[in-house]
Amino acid sequence: MSLTIRAILCLVALAVTVAAGPAGGQSQVATPATTPAPAFPKLFANYTGLNGYEDLVLAGDIVSGNAAVQAAEQGEATLKQMRDMLDDRDVERALQMVRLGLDKQVQSPRDPNKSDEQTLLPEYAGFRRLARVMAMEEYVALADGRVQKAIDVMRDGLRLGYIVQSEFLISGLVGIAIDSIALTTIARHFDQMSLKDCIHVTAIAREWLKLPSPAEAVYESEQRTLRNMLNTWKGDPARLRAIIKDQQPANGPTSDSEAAAVELSSYVETHPNLLMTLIDQTEALAEVEHAVLMQDVRRPAWQRKTGRNRQPRVDMAHRLYSMIAPTDLALAKYDLDRTQIHLLGVHGAIRRFRWENNHLPASLDDLKLPALIVDPFTGATLTYKPSGSSYELYSTGPAGGEAGAAIGAVHLPRNP
C-alpha cells in the first residue's frame, strides 16, 4: 500500500525519532514477506528519460522486488551474500540507473501547488532500500581494498539523500536516513584510507556543506500543503472529519494530546455549523506560526529559541493546528545531518594531517579549515581530544529540550 500524506500525519512524530535508523551495510529489520507494488506507475505515465527522478524511482522498484536484495537484508549479511547480491543483473541495472538519474536534472512528479493529505508518496521505501544496497556496495569495495570506489559510492549516497530531501518533511527525514546509511560504512573504515583518500573525503564534505540546507524548502512545502488541505476541507469537510477520526485513541485518551484530540472530535461533531469558522481560524493561526518557525529555520542551530516558548492554548483552532502542522522537532535532525558531514570532513582532515606530519594535530586549528571544524549546535569548535595515537571527535548535539535529551552527543564512528 502506498502511503499518503494523510497516513504520514500519524507517522512523522515517530520518524523524527527513528529517521536515521540502522545504518551500514546490513538492515536490522526483516524485509516484509510481500513485495511492494511498483511506485513508478503511480507517479509517471511513461519513462521519458529526461527526468532523473524517473531513474531513481525505477531503481528503487527494482531492488524492492529483488530476491537477492531481500536475502542480503535478512539479519547480518555475510560478505559472500553481499557479493552475490551485487552480481545479480537486476541489482547491477538498478545501481547503474541510480548514477544515471543523479547525473540528470531531477524533478518531482508531483505538482507542489496541489499536494494535500491524499497525495501519494510511494517511492520512499524504495529509496531507503537503494541506500542499503549502496552501503553494501561500499562494504564490498572496502573489503577488496578499493577505498576510492567506496568513497565514490558514499558520495553517490549523499547525492541521493540530498535529492530526496526536496518536498515534504517525511522526504527530508528519509533523505537524512539515507545520508546516515551512506556515511556509516566509510566511517567504520577510516583506518583504510590513504592520504589521497583523506583529501577526497574532506573535499566531499566541503562540497556538501556548500549546498543550501533543504530544511527551509521543506518547511515551505509543508506550509503550502497545509494551505491546500485547509482550502480543500472548506469544500469537502468530510475529509477533515475523517482525519480527526483517524487521530482518535483506540482505548481512550492516555495523554493531554490525545485528550485534546477527543475534545476536538466532539466539537466538530456537535458544532457542524462552526466548521468553516474553525478552518478559517486554523488557517490564520498557521500563517502566524509558520512565520515564527521560518525565523528559527533560517537561524543557525545555536541561535534558535528552543521549543519557541509557546504559551499553552486550549481553543479548537490550536488543537486542529497541532494535529496537522509539521513538527519543528525535525529541525534537530537536519542539524544532526549537517553535523555528521562536518565530522566526516574533519576526520579526513585529521588523518591527512597525521599522514603528512606523522602525528596528530594538537588542535583542530592546525587543520586550517575554520568553516569545517565548527560545531553546528554551538557555533564553537567541535570537541577534539587527542590522546597518543588516538583521538575523540564529536559534537555536543542539540542543547536542551526532549531532542537534546534523546540524541545526546553526536559521534561519527571511527577507528583510532
Side-chain angles (χ1 to χ4, degrees), residues 8-23 124 128 131 158 161-162 164-184 187 205 208-209 211-223 257 289-310 322 324-346 372-383 393-413:
I8 287 171
L9 287 172
C10 304
L11 300 177
V12 166
L14 176 62
V16 169
T17 304
V18 303
Y124 295 152
R128 281 200 63 158
L158 293 177
Y162 188 83
V164 170
Q165 299 180 55
S166 60
E167 289 190 271
F168 308 107
L169 184 57
I170 191 67
S171 67
L173 296 173
V174 170
I176 289 168
I178 290 172
D179 287 348
S180 181
I181 291 169
L183 287 168
T184 299
W208 193 97
L209 290 170
L211 298 172
S213 170
E216 183 171 345
V218 164
Y219 277 106
E220 290 287 7
S221 176
E222 286 287 332
Q223 180 67 4
S257 60
E289 291 289 339
H290 177 68
V292 175
L293 172 61
M294 294 310 294
Q295 288 178 358
D296 262 359
V297 169
R298 292 170 184 136
R299 293 186 180 108
W302 68 88
Q303 293 180 0
R304 294 195 193 121
K305 301 175 182 177
T306 305
R308 294 199 276 144
N309 298 318
R310 292 183 185 143
S322 296
I324 64 176
T327 173
D328 56 355
L329 290 177
L331 269 178
K333 287 294 182 183
Y334 287 102
D335 297 328
L336 282 168
D337 193 34
R338 193 170 187 85
T339 301
Q340 294 272 57
I341 305 296
H342 276 269
L343 291 169
L344 172 76
V346 174
L372 192 62
I373 65 174
V374 171
D375 185 338
F377 286 104
T378 65
T381 303
L382 290 162
T383 301
L393 176 72
Y394 59 90
S395 161
T396 60
E402 295 181 3
I407 296 167
V410 184
H411 293 260
L412 191 64

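None of the values given here were measured: they were computed from a predicted structure. One-based numbering along the sequence shown.
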One should read off an interatomic distance between Q303 CD and Q295 CD, to the nearest 0.5 angstrom, of 12.5 Å

- N/O donor-acceptor pair under 3.5 Å between S171 side chain and F168 backbone: yes

query: Do W208 and D179 come within less than 4.5 Å of each other through their side chains, counting heavy atoms only?
result: yes

Indicate yes or no: at least one non-hydrogen side-chain atom of L158 is less than 4.5 angstrom from one of I341. yes

### Query
Between T339 (side chain) and D335 (backbone), is there a donor-acceptor pair under 3.5 Å?
yes

* Stepwise side-chain contact (heavy atoms from CB on, under 4.5 Å) check, D375 with H342 -> CA-CA 8 Å; D375 185 338; H342 276 269; over 6 Å; no

R304 (side chain) donor-acceptor with D296 (main chain) under 3.5 angstrom
yes

Nearest heavy-atom approach of A205 to G345 is CB-CA, 3.5 Å

Shortest non-hydrogen pair, P376 vs V374, comes out as CD-O, 3.2 Å

By side chain to side chain contact (heavy atoms under 4.5 Å, CB included), S322 pairs with (sequence neighbours left out) none

For residues 164-175, the salt bridge (charged side-chain N to carboxylate O under 4.0 Å, His left out) pairs (sequence neighbours left out) are R110-E167

For V297, the side chain to side chain contact (heavy atoms under 4.5 Å, CB included) test, sequence neighbours excluded, returns A215, E216, Y219, L293, M294, L331

Heavy-atom closest pair (L343 atom, S395 atom, distance to 0.1 Å) is CD2-N, 4.3 Å

All heavy atoms of G172 vs all of Q165, minimum pair found to be O-CG, 3.5 Å

Just wondering, do E220 and H290 contact through their side chains at under 4.5 Å, heavy atoms?
yes

Distance col, row D337:CG vs I178:CD1, nearest 0.5 angstrom, shows 10.5 Å

In this structure, CG of L382 is separated from CZ of F377 (nearest 0.5 Å) by 10.5 Å

